[in-house]
J.: 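Take a look at this one; I'll ask things after.
None of these values were measured; they are calculated from a predicted model.
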Amino acid sequence: MDVIKYNAPRRLLTVARGHPYERQAFASLFEGLDDYDVCHVEQPVAQRCLTPQAARDFDAILCYDMPGVDFTADDAPRLVEPDPGFIRDYLDMLQRGVGMVYLHHAIAAWPAWEEYANIVGGRFHYRPASLRGEEWPDSGYRHQVAHQISVLDSHPVTENIPPQFQMTDELYLCPVFEQDVTPLLCSDYSFTQGNFYSAAKAVAGEMNAKDGWSHPVGSNLVGWVKRYRNSPIVYLQGGDDAEAMANPHFRQLVHNAVRWVSSEEAHNWARE
């Protein structure tokens, strides 16, 4: 396996699009991360950058993107399978050990490629689907939830974060592979179907609707770390809009996550 060398300043690749986002707010999320040169790329061109070469060219990759879901198709949302070459390159990139941070709707990317859910630690569904041999309904969403986040464990990602803090953001009701992750953050919100709306109905033009929709009780985890092959992984559920991205504690979490997945400590942990 290639040795990844860290030279200052470090290099961060940020990936977005596939889902609407506020560009200026997203760019502002990295203000103060002065020890990194930040390179930004959008989907679908970004797929050309997520290759084994990226593990040499970047110290960390942050994904705020949602490829693999076509909302313009007649039968939207159409699930698009990634090209086999892309899958090969992506897995090889993780084998080489690049640090990965996934934010918010990135958990909904590539729903037709099940292994992607194993990489991130869960999956948000825009339509009913099978996952790990279990049938799931479409997932739930709820915008502008004022909730309290608690830190569950002392970790470099949660360094300088208060034990509890308030945040207003969109939350998801979706499968989370709790047994595969190290939990770092949880919400005091109740992750039950009565508190969420159907994603499939939203795509069909019925926003904030849930008539006839049901979903199992979900996980209240909103932040975790995990490993995949030789890559350290962080997922943070926050970051839907400008208000959420301006939250100073969320911004600190993102900076901590980028720095941790770039560290030798994280890489040694992922290779164990």
Side-chain angles (χ1 to χ4, degrees), residues 1-15 29-39 49-64 90-104 106-107 115-122 149-165 176-186 221-239 247-272:
M1 184 178 67
D2 293 348
V3 175
I4 301 175
K5 297 181 179 180
Y6 301 114
N7 299 310
R10 293 183 174 181
R11 291 160 294 182
L12 169 66
L13 177 66
T14 62
V15 182
L29 190 56
F30 305 100
E31 292 177 357
L33 197 65
D34 299 330
D35 44 334
Y36 284 79
D37 285 335
V38 181
C39 176
C49 302
L50 301 174
T51 68
Q53 187 62 36
R56 301 188 184 98
D57 292 344
F58 296 98
D59 298 289
I61 298 175
L62 183 144
C63 294
Y64 186 66
Y90 203 96
L91 295 178
D92 194 7
M93 177 182 72
L94 299 179
Q95 184 67 29
R96 290 177 182 270
V98 67
M100 303 293 295
V101 179
Y102 297 92
L103 297 184
H104 198 54
I107 200 170
E115 194 61 20
Y116 179 84
N118 294 327
I119 295 168
V120 178
I149 296 175
S150 296
V151 174
L152 297 174
D153 195 9
S154 176
H155 189 276
V157 175
T158 58
E159 187 175 358
N160 296 321
I161 303 297
Q164 289 88 31
F165 65 93
V176 172
F177 305 148
E178 289 189 341
Q179 71 276 17
D180 295 349
V181 307
T182 300
L184 295 183
L185 303 164
C186 71
L221 294 185
V222 292
W224 59 76
V225 297
K226 66 185 299 293
R227 53 173 69 87
Y228 186 91
R229 298 197 174 185
N230 291 306
S231 288
I233 308 286
V234 176
Y235 175 73
L236 301 172
Q237 194 180 114
N247 184 295
H249 302 308
F250 179 70
R251 182 172 296 189
Q252 184 67 60
L253 283 167
V254 172
H255 292 192
N256 288 350
V258 169
R259 289 177 174 130
W260 180 71
V261 300
S262 305
S263 69
E264 193 63 30
E265 172 193 353
H267 285 271
N268 289 338
W269 175 80
R271 287 192 294 263
E272 288 178 355

J.: Hey, does V254 have a side-chain heavy atom less than 4.5 Å from the side chain of L103?
T.: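 Answer yes - side chains close enough.
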J.: Please examine the side chains of R96 and R229, heavy atoms only from C-beta on, and report whether any two atoms are closer than 4.5 Å.
T.: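 Side chain of R229 against side chain of R96, heavy atoms only: no contact under 4.5 Å found.
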J.: Specify the closest pair of heavy atoms between S231 and A270, including all atoms of both residues, with the distance to one decimal.
T.: C-CB, 3.7 Å
J.: Taking T158 for the side chain and I161 for the main chain, is one N or O donor matched with an acceptor at less than 3.5 Å?
T.: no
J.: Are any of the side-chain heavy atoms of Y102 and L62 separated by less than 4.5 Å?
T.: no
J.: Could you tell me which non-hydrogen atom of C49 sits nearest to which non-hydrogen atom of L13, and how far apart they are?
T.: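 Taking every non-hydrogen atom into account, CB-CD2, 4.1 Å.
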J.: Between CG of D92 and CG of L50, what distance do you get to the nearest 0.5 Å?
T.: 12.5 Å
J.: Could you report the tightest heavy-atom contact between R227 and E272, atom names first, then the distance?
T.: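 What the structure gives for the nearest pair is NH2-OE1, 4.1 Å.
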J.: Just checking, is any N or O donor in the side chain of E265 or N268 under 3.5 Å from an acceptor N or O on the other one?
T.: no
J.: Would you mind reporting whether V222 and L184 have side-chain heavy atoms less than 4.5 Å apart?
T.: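 No; the side chains remain at least 4.5 Å from each other.
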J.: So which heavy atom on L236 is nearest to which on G223, and how close?
T.: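 Scanning both residues completely, I find the closest heavy atoms to be CD2-CA, 4.2 Å.
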J.: Indicate yes or no for a side-chain donor-acceptor contact from S150 to the backbone of C186 under 3.5 Å, with no hydrogens or angles considered.
T.: no
J.: Report the relative orientation of the aromatic rings in H249 and F165; use parallel for angles under 30°, tilted for 30 to 60°, perpendicular for over 60°.
T.: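 The rings of H249 and F165 sit tilted, inter-plane angle from 30° to 60°.
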J.: State the CZ-CZ distance between R251 and F30, to the nearest 0.5 angstrom.
T.: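 That separation rounds to 9.5 Å.
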J.: First locate atom OG1 of T182, then atom CG of D153, and finally report the distance between them rounded to the nearest 0.5 Å.
T.: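 Those atoms lie 8.0 Å apart.
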J.: Please check if the side chain of D180 supplies one atom and the backbone of G121 the other of a donor-acceptor pair under 3.5 Å.
T.: no
J.: If the threshold is 4.0 Å, N to carboxylate O, is there a salt bridge linking R259 and E159?
T.: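 Not counted as a salt bridge, because no side-chain N and carboxylate O are separated by less than 4.0 Å.
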J.: Would you call V151 and L185 a side-chain contact if the rule is heavy atoms closer than 4.5 Å?
T.: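 A side-chain contact under 4.5 Å exists here.
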J.: Between T51 and Y90, is any side-chain donor less than 3.5 angstrom from a side-chain acceptor?
T.: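 No, no side-chain donor-acceptor contact under 3.5 Å.
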J.: What pair of heavy atoms forms the shortest contact from S262 to D59, and how long is it?
T.: OG-O, 3.5 Å
J.: Using modelled atom types and a 3.5 Å cut-off, is there a donor and acceptor pairing between side-chain atoms of R10 and backbone atoms of D35?
T.: no
J.: Please assess Q164 against I149 for the test side-chain contact (heavy atoms from CB on, under 4.5 Å), listing each intermediate value before the final yes or no.
T.: CA-CA 5 Å; Q164 289 88 31; I149 296 175; over 6 Å; no
J.: Are side-chain heavy atoms of V181 and L221 found at a separation under 4.5 Å?
T.: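 In contact.
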J.: Do H155 and V225 make a side-chain contact, defined as non-hydrogen atoms from C-beta onward lying under 4.5 Å apart?
T.: yes
J.: Scan W224, F177, Y64, Y228 and name whichever one has a ring-ring contact (aromatic ring centres under 6.0 Å, His included) with Y235.
T.: W224
J.: Quick check for you: to the nearest 0.5 Å, what is the distance between L253 atom CG and N160 atom CG?
T.: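 So the gap between those two atoms works out to 10.5 Å.
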J.: Answer yes or no: is there a donor N or O on one side and an acceptor on the other, between the side chain of R11 and the main chain of D57, under 3.5 Å?
T.: yes
J.: Can you name the nearest heavy-atom pair linking F58 to C39, along with the distance?
T.: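 Heavy atoms only, the tightest pair is CE2-CB, 4.0 Å.
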J.: For the pair H267 (side chain) and P232 (backbone), establish whether a donor and an acceptor sit closer than 3.5 Å, ignoring hydrogens and angles.
T.: no
J.: So, do I119 and L91 sit near enough that their side-chain heavy atoms are less than 4.5 Å apart?
T.: yes
J.: Just by modelled atom types, is the G97 backbone N or O under 3.5 Å from a matching donor or acceptor in the N230 side chain?
T.: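 No; judged by distance alone, with no hydrogens or angles, the pair does not exist.
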J.: Using the rule given for side-chain contact (heavy atoms from CB on, under 4.5 Å), can you reason through M100 versus V261, listing the C-alpha separation, both sets of side-chain angles and the distance that settles it, and then say yes or no?
T.: CA-CA 6 Å; M100 303 293 295; V261 300; over 6 Å; no
